[in-house]
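Take a look at the structure set out below.
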Amino acid sequence: MTLLEPTGAGPPPPPPPAARSGRHRLLPYLLLLPGAAWLLVFFGVPLLQLAAVSLYDPGGSLSTGYAMTWAFGNYPDVVQAYGQQLLRSFGYAGLALVLALLLGYPLAYAIAQKAGRWKNLLLVCVVAPMFTSFLVRTLAWRTILSDNGALVGLLRDAHLLAPDGRLLATPFAVVLGLTYNFLPFLVLPLYASLERLDPRLLEAASDLYASGVQTFRRVTLPLSVPGLIAGTLLFFIPASGDYINAELLGTPNEYMVGNVIDSAFLVRLDYPQGAALSFLLMAAILAVVLGYLRTAGTEEVR
C-alpha cells in the first residue's frame with residue numbers, strides 16, 4: 001500500500017452540480033404542496049360540489065331529493081329574479097370603498113409618517129375593533145343609529161335631520177356599517193406601503209420647489225399604489241358579499257345578494273338557487289377584480 005492510497009471510507013463525494021440545481025428547482029414546489037393540498041380539499045372540492053348543486057333540478061327538495069338535470073337555466077332565472085340585489089351589493093360596496101378611502105388614506109399616512117412615538121398605539125386602535133365579534137360591532141352601530149339614540153337626537157336638534165327622519169334602516173346605515181367593519185383591511189396595507197416611503201424623496205421634491213399637492217401626486221401616491229391595490233381588494237371583496245350589515249342595519253329594501261343566498265340555503269332551502277347565486281357572485285367579483293388589477297397595473301406602469 002502506498003501513501004497515496006485511501007486508508008478508510010471517507011465522506012461521500014458531493015453530488016454533481018446538475019443534481020444540486022435540480023433539487024433546488026424542486027424545493028419551492030415541495031414547499032407549496034401543503035398549502036395546495038389544503039386549498040384542494042377545503043376549497044376546490046366544495047367549489048365543485050357547489051357547481052354541481054347549482055345545476056340540480058330546481059323542482060326538487062330536501063324531502064324528495066334533487067336530480068342532476070344540468071339545469072343551466074338556473075343562472076338566468078336567478079339573474080332575472082335577484083339582479084337588483086346583485087347590483088345593489090356592488091353599489092353599496094363601491095360607496096363604502098370610496099368613503100373608506102377618504103377616511104383610511106389620511107389615517108394611514110398620518111400613522112406612517114407623522115405619528116412618531118404614538119405609531120404603535122394608533123395601530124392598536126385601528127386593529128382593536130377586530131378583537132370583538134363582527135356581529136357585536138354591527139349591533140353596536142344599530143344602537144348608535146337608533147331613532148332614540150343620542151346621534152339622531154343631536155342631528156335633529158341641529159336641523160340636519162328632519163323631525164321624523166332616521167338613520168337606521170336606510171342605505172346610509174348599511175354603507176356606514178360596511179365602511180366601519182372593513183376599514184382595517186384597507187388601512188393596514190396602506191400603512192405598510194406608506195411606512196416604507198423614503199423621506200429623502202419627499203425632501204428632494206421640496207428642494208425642487210414642488211408644492212404639497214404636487215409631491216403627493218407625483219411621489220407619495222405612486223409609491224403607495226401597491227398598498228392601495230391590496231387594501232381596496234381586501235376591502236371590496238368581503239364587503240360585496242356581506243349580509244350582516246344589511247340584515248341588522250337595513251330593511252328588505254336594502255338587502256344585498258348575500259342576504260338572498262342566506263335565505264335560499266337556510267330559510268327557503270332552495271339549494272340550486274342559492275348555489276347559482278353564489279357562483280354568479282364569485283364570477284362577478286372575479287371579473288371586477290381582474291378589471292381593476294388590469295387598470296391599476298396600466299396606471300402604475302404609466
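Atom-to-atom distance recorded for Q84:CD and S89:OG is 10.5 Å, nearest 0.5 angstrom. Taking CE from M68 and CG from L55, the interatomic distance works out to 5.5 Å, rounded to the nearest 0.5 Å. The OH atom of Y66 lies 9.5 Å from the CG atom of D57; values are rounded to the nearest 0.5 Å. Expressed to the nearest 0.5 Å, how far OG of S240 lies from CG of L86 amounts to 9.5 Å. To the nearest 0.5 Å, atom CD1 of residue I244 and atom CG of residue L249 are 10.0 Å apart. Separation of atoms CG (L183) and OG1 (T179) is listed at 7.5 Å; rounding is to 0.5 Å.
In this structure, V41 belongs to a hydrophobic cluster whose other members, linked by side-chain heavy atoms under 4.5 Å apart, are W38, F42. Hydrophobic clustering, defined by side-chain heavy atoms of Ile, Leu, Val, Met, Phe, Trp and Tyr closer than 4.5 Å, leaves V213 isolated from every other such residue.
A donor-acceptor pair under 3.5 Å is formed between the side chain of S211 and the backbone N or O of Q214.
Of all heavy-atom pairs between A239 and M256, the closest is O-CE, 3.4 Å. Y292 and T232 get closest at one heavy-atom pair: OH-OG1, 2.8 Å. Of all non-hydrogen atoms in G231 and L186, the two that sit nearest each other are C-CD1, 3.4 Å. Across all their heavy atoms, E247 and N259 have their closest contact at OE1-ND2, 3.4 Å. Residues I261 and S278 approach most closely at CG2-OG, 3.5 Å, considering heavy atoms. Nearest heavy atom pair, residue L190 against residue A108, reads CB-CB, 3.7 Å.
With sequence neighbours excluded, the residues that form a ring pair (Phe, Tyr, Trp, His ring centres under 6.0 Å) with F182 are F134. With sequence neighbours excluded, the residues forming a side-chain hydrogen bond (donor to acceptor under 3.5 Å, both in side chains) with S54 are Y75, listed by chain and number. Residues passing the side chain to side chain contact (heavy atoms under 4.5 Å, CB included) test with M282 are L47, L50, F279, sequence neighbours excluded. The salt bridge (charged side-chain N to carboxylate O under 4.0 Å, His left out) check on R200 picks up D198, with sequence neighbours excluded. With sequence neighbours excluded, the residues that form a ring pair (Phe, Tyr, Trp, His ring centres under 6.0 Å) with F265 are Y271.
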Item to check | Derivation of the side chain to side chain contact (heavy atoms under 4.5 Å, CB included) call for Q273 and N74 | outcome: CA-CA 7 Å; Q273 186 183 82; N74 290 338; over 6 Å; no
Next on the checklist: Let's go through S206 and E203 carefully: what are the C-alpha distance in whole Å and the side-chain angles of both, what is the deciding distance for side-chain hydrogen bond (donor to acceptor under 3.5 Å, both in side chains) to 0.1 Å, and is it a yes or a no?
Outcome noted: CA-CA 5 Å; S206 177; E203 295 176 2; over 6 Å; no
Next on the checklist: M130 vs F185, test: side chain to side chain contact (heavy atoms under 4.5 Å, CB included). Steps then yes/no.
Outcome noted: CA-CA 10 Å; M130 300 179 68; F185 294 100; 3.7 Å; yes
Item to check | Derivation and outcome, side chain to side chain contact (heavy atoms under 4.5 Å, CB included), residues L201 and T220 | outcome: CA-CA 9 Å; L201 296 176; T220 305; over 6 Å; no
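Sorted by first and then second residue, the ring-ring contact (aromatic ring centres under 6.0 Å, His included) pairs involving residues 196-234 (not counting sequence neighbours) are Y105-F216.
More than 12 heavy atoms of other residues, nucleotides or ligands sit less than 6.0 Å from atom CZ of R268.
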Output side-chain donor-acceptor pairs under 3.5 Å for residues 283-290, partner residues at least two apart or in another chain, one line each.
none

Less than 3.5 Å apart, which donor and acceptor atoms pair up between the side chains of residues 139-160 and the rest of the protein, not counting sequence neighbours?
| residue | atom | partner | partner atom | Å |
| --- | --- | --- | --- | --- |
| T143 | OG1 | L139 | O | 3.3 |
| S146 | OG | T143 | O | 2.9 |
| S146 | OG | G149 | N | 3.4 |
| D147 | OD1 | R166 | NE | 3.2 |
| D147 | OD2 | R166 | NE | 3.3 |
| D147 | OD2 | R166 | NH2 | 3.1 |
| R156 | NE | P163 | O | 3.4 |
| R156 | NE | G165 | O | 3.4 |
| R156 | NH2 | G165 | O | 2.6 |

In residues 168-178, what donor-acceptor pairs under 3.5 Å come from side-chain atoms, sequence neighbours left out?
| residue | atom | partner | partner atom | Å |
| --- | --- | --- | --- | --- |
| T170 | OG1 | L167 | O | 2.4 |
| T170 | OG1 | A173 | N | 3.3 |

Got a list of side-chain donor-acceptor pairs under 3.5 Å for residues 111-129, not counting sequence neighbours?
| residue | atom | partner | partner atom | Å |
| --- | --- | --- | --- | --- |
| Q113 | NE2 | L194 | O | 2.6 |

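Residues V257 and V267 fall into different hydrophobic clusters, defined by Ile, Leu, Val, Met, Phe, Trp and Tyr side chains chained together at heavy-atom separations under 4.5 Å. By the rule that hydrophobic residues join a cluster once side-chain heavy atoms approach within less than 4.5 Å of another member, L269 and Y243 end up as members of one cluster. L101 and V225 fall within the same hydrophobic cluster, where Ile, Leu, Val, Met, Phe, Trp and Tyr residues are linked whenever their side-chain heavy atoms come under 4.5 Å apart, directly or through other members. The hydrophobic cluster containing L281 also contains F72, counting ILVMFWY residues as joined when their side-chain heavy atoms lie under 4.5 angstrom apart, directly or transitively. Hydrophobic cluster membership differs between L87 and Y255, with clusters built from Ile, Leu, Val, Met, Phe, Trp and Tyr side chains linked at under 4.5 angstrom.
In summary, the side chains of D242 and N245 do present a donor paired with an acceptor at a separation below 3.5 Å, with no hydrogens or angles considered.
You'll find the side chain of P189 reaches within 4.5 Å of the side chain of L234, heavy atoms only.
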